[in-house]
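So the structure is just underneath, and the comments pick up after that.
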There are 2 protein chains.
Amino acid sequence: MENVTIRMLAERLQLSTATISKALSNSHEISEETKQRVLALAAELNYVPNPYASSLRKKSSHTIAVVIPEVADSFFAEAINGIESVAQDKGYHVLIYLTHESFMKEQAILKDFQSGRVDGVLISVTTETTAAAHGLAQLAKEIPLVFFDRVCEEVTAARITTDDTIAAYNATSHLIAGGCRHIGLLSASRQLSISNRRAEGFQQALAAHQLPLTAASVLHCSNDPVATQQVLQTALQQHHYDGLIATTEKLATAVYQACEALSLNIPGDIQVIGFSNLSTARFLHPSLTTVSQPAFDMGKAAATLLFRALKSSSFPLNEQQQVIPSSLIVRNSTKAH
Amino acid sequence: MENVTIRMLAERLQLSTATISKALSNSHEISEETKQRVLALAAELNYVPNPYASSLRKKSSHTIAVVIPEVADSFFAEAINGIESVAQDKGYHVLIYLTHESFMKEQAILKDFQSGRVDGVLISVTTETTAAAHGLAQLAKEIPLVFFDRVCEEVTAARITTDDTIAAYNATSHLIAGGCRHIGLLSASRQLSISNRRAEGFQQALAAHQLPLTAASVLHCSNDPVATQQVLQTALQQHHYDGLIATTEKLATAVYQACEALSLNIPGDIQVIGFSNLSTARFLHPSLTTVSQPAFDMGKAAATLLFRALKSSSFPLNEQQQVIPSSLIVRNSTKAH
DNA sequence: CTGAAAGCGCTAACAG
DNA sequence: CTGTTAGCGCTTTCAG
């Protein structure tokens, strides 16, 4: 069976395609009666509009893109739910693109967006993404774009972030209050702004408590889990950390693995805090003290901003910035209360 | 700056749009020299083809849809990675649709696919999906469709599943070997075929060991976590289970929560097995014995099948069935070895 | 209130 | 090897 088109409806009803089109979009120029006839036949023949024809003509696709490094991560999964909740509401489609932390892939994806495939973009950049000479700044000028969580600070565009500096400061202070003196910060990236913000908060807290910042204080980990495990175990053996802050979810579980391998007791030998939205955090052994990010709300806020821009082109999207607070959830991997 | 089109390239090079189009698609009818000139100018002007124009004309979009209940679930997240890995390889785009276990939403999404928006569909149905009078059978005739994990058995279409019956049989036997005599199976759905397969395996194992199947043996849980927790705690108090099999990831953590609330010791008072791909399973307290599904491979297999059908229309897609084995990973939430 | 006509950007015969 | 022509299905002036 061929696909039903507007023209078939027009022929059957002895009307023009223009009239059908208008009737289907509920235009006020069309009489109630005609609308009813059109809608009835459309339903009967199971008419489904061709989105490509419509997009081509209207130069808008009712589709937004979400570009993230990884989907197997509680933060991003929850953020997607937040985004979806508002997209569904507005009748928009959501295209999800995974960069797997590859800058190359990210670039290729962004380039594709110049085609007009999507009406707007929500993005959380890769750990490799540098500001320089990147299509991002360009793209942000061409179509509505909102950064969430992992922003590119050098690019002028809307941003939804959490209070990374403060969160790291508080996490560090919490460890210090619990008696830690040799704290390590596990960082996932050297260029990522949120990594740097977290490192800043960490350093500020150390300074505020007259604790030294050494070469071992900040430990840079890669995206490769095997390499990370290696680095981690080596570091744990060389430097006798009594506290560790894992700045990503994957790093948090990596710490548990390393401690298990080295028979280090948490929190006896070493206290641990993870930036994580793991729903199982409270059931871990020991339960994990976390910096919990408002993932769903961040996704929702980012999408909301984007749709405001999509609705009214005069909305100053690029000036929008929102910081949504995270919270420190104290559990048994740390000693302070 | 306006978007660069094929016509602009044509004018600049004094060629026809047809020639440009063919040159860009590397047609053999075009001379090497012309191709070079076209490619050079395209690169210079940063030409990006309009996918909607192309899709409209070719009636294919180089896009596939993935329809799943939920993304914040290790199984589906990993499956997406598997799907993505082959889609990226083939240069296809992946649209992800979340049903949130709602049959209504699923129907609306599937209907949209009749528009030709996507070239093929990979789907794992909702817990509410019933076979009857559903758009699925219809859709499977119109465009290539592959079920993965949660199949609709009544619909003739390709399927990638895991060995649910056997997995449940083995899980149950494992509990019995560990001394359990009053085992409960936590089911997420009454109609879902994989739930029924798992229940079958469970019952077979009970029968094989001369254990009775009672009204309390199979416990049906809803999608609402609060209601589920309620049901679970009530059941745990009324019936003195000594073993529990959670057939979904969410149910597995719900069990930990309920046991904590009721101060039930795992595995002392009650042994637990979860169907789950949680990466944190080994770090839980106690570490969780799991039936681990080959999520990534299932996604990959489903996508591979789909692309074979997309490549050659003579490929008998609907006859394809693959069962990829899961594995029982024994940890400390159960006693047998 | 309805219709005629033009065209979004690209591709696929078919000629030459 | 290159060009002409037509049209995918829909929306949008502009006329009537």
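Just so it is clear: chains get the letters A, B, ... in the order the sequence lines come, proteins before strands, and each one is counted from 1.
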If we ignore angles and hydrogens, is there a donor and acceptor under 3.5 Å between the side chains of A/T19 and A/S16? yes

Of D/dT2, D/dT12, C/dA12, the nucleotide closest to the side chain of B/T19 is D/dT2

Take atom CE of B/M8 and atom C1' of C/dG9, then tell me their distance rounded to the nearest Å. 12 Å

Would you mind listing every salt bridge (charged side-chain N to carboxylate O under 4.0 Å, His left out) that reaches into residues 111-130 of chain B, with sequence neighbours excluded? B/D112-B/R117

Could you tell me the separation between the CZ atom of A/R117 and the P atom of C/dC10, rounded to a whole number of Å? 13 Å

How close do B/L145 and B/A140 get, counting heavy atoms only, and between which atoms? CB-CA, 4.2 Å

Rounded to whole angstrom units, what separation is found between the CZ atom of B/R7 and the C1' atom of C/dT11? 16 Å

Overall bend of the helix from C/dC1-D/dG16 to C/dG16-D/dC1 (five pairs an end, 10° steps) is 40°

Closest nucleotide among C/dG9, D/dC10, D/dT11 to the A/T5 side chain: D/dC10

If the cut-off is 4.0 Å, is B/Y47 near the phosphate of C/dG9, judged by side-chain N/O to OP1 or OP2? no

Distance, rounded to the nearest Å, where B/K58 contributes NZ and C/dA13 contributes P: 13 Å

Contact under 4.0 Å: A/S31 side-chain N or O vs C/dT2 OP1/OP2: yes

Closer than 4.0 Å, any side-chain N/O of B/K59 to the OP1 or OP2 of C/dT11? no

Using whole Å, what does the distance between atom C1' of nucleotide C/dT2 and atom CG of A/L9 come to? 16 Å

C/dG3 phosphate, OP1 or OP2, under 4.0 Å from A/S16 side-chain N/O: yes

Is it true that the side chains of A/S314 and A/S312 contain a donor and an acceptor less than 3.5 Å apart? yes

What are the residues of residues 20-30 of chain A, sorted by number, that bring a heavy atom to within less than 4.0 Å of DNA chain C? A/K22, A/E29, A/I30

Is B/Q14 touching bases, backbone alone, or none of the nucleic acid, heavy atoms closer than 4.0 Å? sugar-phosphate

Rounded to whole Å, the CZ-P distance (A/R37 to C/dT2) equals 9 Å

Without decimals, in angstroms, what is the distance between B/I6 CD1 and D/dT4 P? 15 Å

Residue pair A/Y97, A/F113: steps toward the ring-ring contact (aromatic ring centres under 6.0 Å, His included) verdict: CA-CA 11 Å; A/Y97 291 88; A/F113 293 161; 5.2 Å; yes

First of B/K35 and A/A18 reached from the 5' end of DNA chain D, by closest nucleotide: B/K35

Looking at A/Y52, does any N or O in its side chain come under 4.0 Å of the phosphate oxygens OP1/OP2 on D/dT11? no

Given C/dT2, is OP1 or OP2 found less than 4.0 Å from the side-chain N or O atoms of A/T34? yes

Separation of C/dC8 atom C1' from A/L56 atom CG, nearest Å, is 4 Å

Please list, chain by chain and in numerical order, all residues satisfying salt bridge (Lys or Arg N to Asp or Glu O under 4.0 Å) with B/K22, sequence neighbours excluded. B/E29

Applying side chain to side chain donor-acceptor pair (under 3.5 Å) to A/T162 and not counting sequence neighbours gives none

Given C/dC8, D/dC10, D/dT11, the nucleotide with the shortest approach to the side chain of A/A53: D/dC10

With salt bridge (charged side-chain N to carboxylate O under 4.0 Å, His left out) as the rule and sequence neighbours excluded, what pairs involving residues 89-104 of chain B come up? B/E101-B/R150

Verify whether one side chain among B/S102 and B/T99 offers a donor that lies under 3.5 Å from an acceptor in the other. no

Tell me what A/E32 touches on the nucleic acid: a base, only sugar-phosphate, or nothing, going by heavy atoms under 4.0 Å. nothing

List the atom of B/L39, the atom of B/A23, and the distance in Å for their closest heavy-atom pair. CD1-O, 4.4 Å

